[in-house]
There are 2 protein chains.
Amino acid sequence: MIKLSKKVEYAILALQYIAENSSKTNTAKEIAGKLSLPYDFLSKLLQTLMKKGLLVSQLGVKGGYKLVKQISEITVEELMNALDERSSIVDCADGDSNCCSRTEICDIRSPIMTLQEQINNIFKNTTIANLKNNINI
Amino acid sequence: MIKLSKKVEYAILALQYIAENSSKTNTAKEIAGKLSLPYDFLSKLLQTLMKKGLLVSQLGVKGGYKLVKQISEITVEELMNALDERSSIVDCADGDSNCCSRTEICDIRSPIMTLQEQINNIFKNTTIANLKNNINI
DNA sequence: TAAATTCCGATAAAAATAATCGTATTTTTG
DNA sequence: CAAAAATACGATTATTTTTATCGGAATTTA
Ligand code: FES
Ligand code: FES
């Protein structure tokens, strides 16, 4: 509860890595190797980011991934949306159905939505670049 | 990812219900019935809240639960701590081990912690009473 | 044509969450 | 005292979500 998925965690690290090596195309294999992340999982994740327009890919030998925009322009919210098809704090917050209250009118829906927005704002206001240490330790 | 567990969701509803009926002791059965929540699950959850000091229970016939303090004095953070043994945004944030980076020094730990704190603050500043609609719909 | 790569669908394994069950204990009340 | 209505508690199961893996197809370079 209230935690980042590995997908998002790995993606943050990968995007930062690609940003640092933005002069070249970066292969999934290299990134996985350097960051010690599971290759298959990372690979799929990068493909998703590519499909969502955060990365461009080049096929074949000499292929790999490059950034489309700078990591200072990619928010955590954007990344979460791209990878996790948007999860909300409670089920109703992104849909139709009554999620919490089994009575006719939900007693907490509106304030829960407010809570949701506050959390969204944090992720909206944090970029992948913000999540990079300037000084280690 | 970033969502409330059913435990917390049910607990919010249950605490609000108990608050509305604070003149009497409320049985798990009644609460589950009125809110259409699974009895066994709710029952265990209330026992946990009791052990954590948020509720007092009375055994036997005429037994049930009462609040110890008002719901305007119980924060969501408190509730989450009581029910879920504290989950943090990434593994390292509540422990010892290196969680994200497999390299020697974690590249994102410190800013992730900042993110964590921002989220914590939201839950720290929201009470169960805050999560109650004044006007339905 | 071979090697390095992305791409894609399917599936499997693991972990976390949610729900259920059986039984013991406590208290009230008739 | 006995029965009923509760909580208390441990164990287990079921379900869902998350994480990881696999096998092969398509693409590009050299
Ligand atoms: S219906 Fe979603 S919070 Fe109540
Ligand atoms: S070791 Fe936890 S965020 Fe890096």
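Given the structure is predicted, the values throughout are model-derived calculations rather than measurements.
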Item to complete: State, without any angle test, whether A:D40 and A:S43 hold a side-chain donor-acceptor pair at a distance under 3.5 Å.
Response: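 Side-chain D/A pair, A:D40 to A:S43: absent.
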Next item on the list: Check the side chains of B:E30 and B:Y17 for a donor-acceptor pair under 3.5 angstrom, ignoring hydrogens and angles.
Entry: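 Their side chains do contain a donor-acceptor pair, which is all the 3.5 Å distance test asks for.
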Separation of [X] atom [atom1] from [N] atom [atom2], in whole Å?
{"X": "A:F41", "N": "C:dA13", "atom1": "CZ", "atom2": "C1'", "answer": "13 Å"}
{"X": "B:I2", "N": "D:dT17", "atom1": "CD1", "atom2": "P", "answer": "16 Å"}
{"X": "A:K3", "N": "D:dT18", "atom1": "NZ", "atom2": "C1'", "answer": "9 Å"}
{"X": "A:L59", "N": "D:dT28", "atom1": "CG", "atom2": "C1'", "answer": "7 Å"}
{"X": "B:L83", "N": "C:dT17", "atom1": "CG", "atom2": "C1'", "answer": "13 Å"}
{"X": "B:Y65", "N": "C:dT27", "atom1": "OH", "atom2": "P", "answer": "14 Å"}
{"X": "A:M1", "N": "D:dT18", "atom1": "CE", "atom2": "P", "answer": "13 Å"}
{"X": "A:D40", "N": "C:dC7", "atom1": "CG", "atom2": "P", "answer": "14 Å"}

Under 4.0 Å, counting only non-hydrogen atoms across every strand here, what does A:Y39 touch: a base, just sugar-phosphate, or nothing?
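Since a base atom lies under 4.0 Å of A:Y39, the category is base.
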Practice problem: Check DNA chain C against residues 42-57 of chain A and give the residues with a non-hydrogen atom under 4.0 Å, in numerical order. | Solution: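 Only A:K44, A:Q47, A:M50, A:S57 qualify.
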For DNA chain C, find the residues of residues 18-31 of chain A with a heavy-atom distance under 4.0 Å and give them by number; none if there aren't any.
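Nucleic-acid contacts, sorted: A:T27, A:A28.
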Salt bridge or not between A:K132 and A:E20? Use side-chain N to carboxylate O under 4.0 Å.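 Salt bridge flag = yes for A:E20 with A:K132.
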Check this for me, if you would: do A:K69 and A:E78 make a salt bridge, where the nitrogen-to-carboxylate-oxygen distance has to be below 4.0 angstrom?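 Here A:K69 pairs with A:E78 in a salt bridge, since their nearest N and O are under 4.0 Å apart.
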Open item on the list: I'd like to know if the side chain of A:Q16 and the backbone of A:I128 have a donor-acceptor N/O pair within less than 3.5 Å.
Closed with: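 Answer holds: yes.
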Self-check item: Any donor-acceptor pair under 3.5 Å from B:K52 side chain to B:A82 backbone
Solution: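 Checking the backbone N and O of B:A82 against the side chain of B:K52, a donor-acceptor pair under 3.5 Å is found.
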Is the number of heavy atoms from other residues, nucleotides or ligands under 6.0 Å of B:K29 NZ greater than 12?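 Not more than 12 within 6.0 Å, no.
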request  = Answer yes or no: does a side-chain N or O of A:Y10 lie under 4.0 Å from OP1 or OP2 of D:dA20?
outcome  =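 Yes, within the criterion.
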* Does A:Q58 put a side-chain nitrogen or oxygen below 4.0 Å from OP1 or OP2 of C:dA4? ->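 A:Q58 to C:dA4 OP1/OP2: no side-chain N or O under 4.0 Å.
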Look at the side chain of A:K62 and decide which nucleotide, out of C:dA16, D:dT29, C:dA18, has an atom nearest to it.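 The closest nucleotide is D:dT29.
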- [ ] Output, in order, the C-alpha distance, side-chain angles, deciding distance and verdict of side-chain contact (heavy atoms from CB on, under 4.5 Å) for B:I74 and B:L67.
- [x] CA-CA 10 Å; B:I74 303 173; B:L67 282 167; 4.2 Å; yes
For the OH atom of A:Y39 and the OG1 atom of A:T27, what is their distance to the nearest 0.5 Å?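 It comes to 8.0 Å.
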